[in-house]
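Order of listing sets the numbers, starting from 1, for every ligand and every atom in it. Quantities reported herein were computed from a predicted structural model and do not represent experimental measurements.
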Amino acid sequence: MEMKKVNSIRTPIYRDSGFWLKDIPTMKKAFADEIDHPADPDLYIYSRYRNPTVVETEEFLANIEGASWSLLTQSGLAAIDIALSIFQNQKKNGKWLFFSEIYGGTNSFIDKVLVERRGFDIVRFTPSGESYSIDEFERIMKQHMPQVVFLETISNPMLIVADVPQIISISKKYGAKVIVDNTFATPYIFKPLDFGADIVIHSATKYLAGHGNLSAGVVTGNDKELLKKAIEYRKLVGHMISPDDAYRLLDYLKTFHLRIKQHFSNAKAVAELLNENPLVEKVLYPSLDTHPTNGIAKSLFKNGFGAIVTFDIKGDSFEEKQIRCNTFIQKVSDSIHLIPTLGDAETILMPIEPVWGDKYPFPGMVRLSIGIEPVETLIGILDKALKH
Ligand SMILES: *Cc1c(COP(=O)(O)O)cnc(C)c1O
């Protein structure tokens, strides 16, 4: 059956698992050029390798990132697996350095997969107080000479901003590759590739998709050799996104800049409001001059400071703080739900201590993932809840 041509500016959802290779020479060429990207429409082979709907969304994403290439995966963690694994080589695996203040799932991936299963020798770089010491970072680099450095631009949940350009330049000086998880910052305010990062990853589940109903990840970069390795690894472990999800993500990406502007301006307004509330002990938000990494944030970010606001409710004891935190969560629960994710269009929250335990033993602390509601609505809800 011949395909009927339709005038559409959209790439359809190609649900095909395999594609029609018209003759043996075409088939041979397709298999020989398989790793090249983007694909020639005649040379698609199999959707786990590459898919035209997915490629269209990848091109749109690369454009947002100002990158040469982007690859989509079915989750942010799959993107992290690809970003790290392309640097793995059994014959010459050295140490890898991870910032300690990263997404909990990434930390578990490091412990359970990289260390326990793959036998990696890893080093963790911890902040000095509430910010990263560049001198300490350089000392660790010199001491351990890691091959790969992995960090997040804005940490979770304490919102420590890393001086990414400095970290990259020191890492390069010692010959390490740098992977940046830029999920919290987004390319709207900061693009680590512009400062020489080798790979940037995102959990697209968060702001890029932005509606709390799609799971996806992105690996992005400028180096063609890394692209080849990433395509190969994605294919071999099957970390491919589905064409349906890629299509939906493309729709969401068309409003990315609009949405993110509202996320960030709402978050700033909420942070300032909470900061003046007498029932609040402390607000963590990088735009506030009380934030330990405010200086770095102001120098790196041009259009905002992220949409996560972490704050601590006052109380005289551990128990009192715990009770007040729970009361606050109950009071807002008609409109702000406790949902363990972030980057949704709706404002959602997570208590810190019940999730992170001993790592952040702050029973009055709440992480707000600020949505894109009208700011007055949001402020009304929070103001009312904090009066109790
Ligand atoms: C959510 C998240 C991830 C993991 O992404 P998934 O899409 O849930 O697999 C990685 N890094 C950060 C910073 C995240 O917030």
Side-chain angles (χ1 to χ4, degrees), residues 54 57 61 65 70-85 98-114 124 127 149-162 164 167 178-192 197 199-220 234 237-242 245-246 248-249 252-253 256 260 263-264 267 284 286 305-310 339-345 347-350 352 355-356 359-360 367-371:
V54 174
T57 308
L61 267 166
E65 282 282 352
S70 286
L71 290 184
L72 277 165
T73 59
Q74 80 280 53
S75 70
L77 268 173
I80 289 168
D81 184 23
I82 293 176
L84 289 164
S85 298
F98 293 90
F99 279 47
S100 62
E101 303 308 288
I102 53 177
Y103 179 68
T106 311
N107 263 324
S108 301
F109 175 82
I110 295 164
D111 293 332
K112 302 286 170 193
V113 178
L114 297 185
R124 279 196 167 92
V149 171
F150 182 100
L151 72 153
E152 292 181 7
T153 309
I154 305 178
S155 84
N156 180 17
M158 296 303 179
L159 312 177
I160 303 174
V161 179
V164 180
I167 299 286
V178 182
I179 303 167
V180 182
D181 179 338
N182 202 39
T183 301
F184 276 38
T186 82
Y188 183 71
I189 55 168
F190 186 64
K191 295 175 178 161
I199 296 281
V200 170
I201 73 98
H202 296 275
S203 167
T205 311
K206 314 295 167 51
Y207 301 103
L208 293 171
H211 292 71
N213 62 2
L214 182 106
S215 181
V218 196
V219 187
T220 189
R234 179 178 67 175
V237 296
H239 279 340
M240 189 58 160
I241 192 172
S242 77
D245 284 344
R248 289 170 61 214
L249 178 58
Y252 293 146
L253 287 173
F256 169 70
I260 207 73
H263 272 294
F264 289 5
L284 294 175
F305 296 87
I308 304 295
V309 179
T310 302
I339 301 182
T341 180
L342 58 98
D344 198 327
T347 299
I348 54 178
L349 61 76
M350 280 248 279
I352 302 296
V355 178
W356 281 273
K359 189 169 182 192
Y360 308 112
R367 182 187 81 183
L368 291 168
S369 164
I370 302 296

(request) Determine the minimum heavy-atom distance between Val218 and Thr73, stating which atoms define it. (result) N-OG1, 4.1 Å
(request) Using the test side-chain hydrogen bond (donor to acceptor under 3.5 Å, both in side chains), find all partners of Thr106 that sit at least two apart in sequence or belong to another chain. (result) none
(request) Can you pull out the closest protein heavy atom to atom 6 (P) of ligand 1? Residue, atom name and distance to 0.1 Å, please. (result) Gly76 N, 3.3 Å
(request) Kindly confirm or rule out an N or O of Phe184 lying under 3.5 angstrom from an N or O of ligand 1. (result) no
(request) Specify the closest pair of heavy atoms between Arg367 and Thr341, including all atoms of both residues, with the distance to one decimal. (result) NH2-O, 3.3 Å
(message) For atom 8 (O) of ligand 1, what's the nearest protein heavy-atom neighbour? Residue, atom name and distance, please.
(response) Tyr103 OH, 4.0 Å
(message) Tell me whether ligand 1 is touched by Asp181 - counting only heavy atoms on the residue side and a distance under 4.0 Å.
(response) yes
(request) Over all heavy atoms of both residues, which pair between Lys206 and Leu342 is shortest? Give the atoms and the distance, please. (result) CD-O, 3.1 Å
(request) Check whether any N or O atom of Thr205, backbone or side chain, sits under 3.5 Å from an N or O atom of ligand 1, and answer yes or no. (result) yes
(message) Nearest non-hydrogen contact with atom 14 (C) of ligand 1 belongs to which option: His202, Glu152, Lys206?
(response) Lys206
(request) Kindly give the heavy-atom pair with the smallest separation between Pro192 and Val180, and that separation in Å. (result) CG-CG1, 3.8 Å
(request) Specify the closest pair of heavy atoms between Tyr207 and Ser369, including all atoms of both residues, with the distance to one decimal. (result) OH-OG, 4.4 Å
(request) Would you mind checking which non-hydrogen protein atom is closest to atom 5 (O) of ligand 1, with the distance to 0.1 Å? (result) Ser203 OG, 3.0 Å
(request) Looking only at distances, please establish whether an N/O atom of ligand 1 is found under 3.5 Å from an N/O atom of Ser215. (result) no
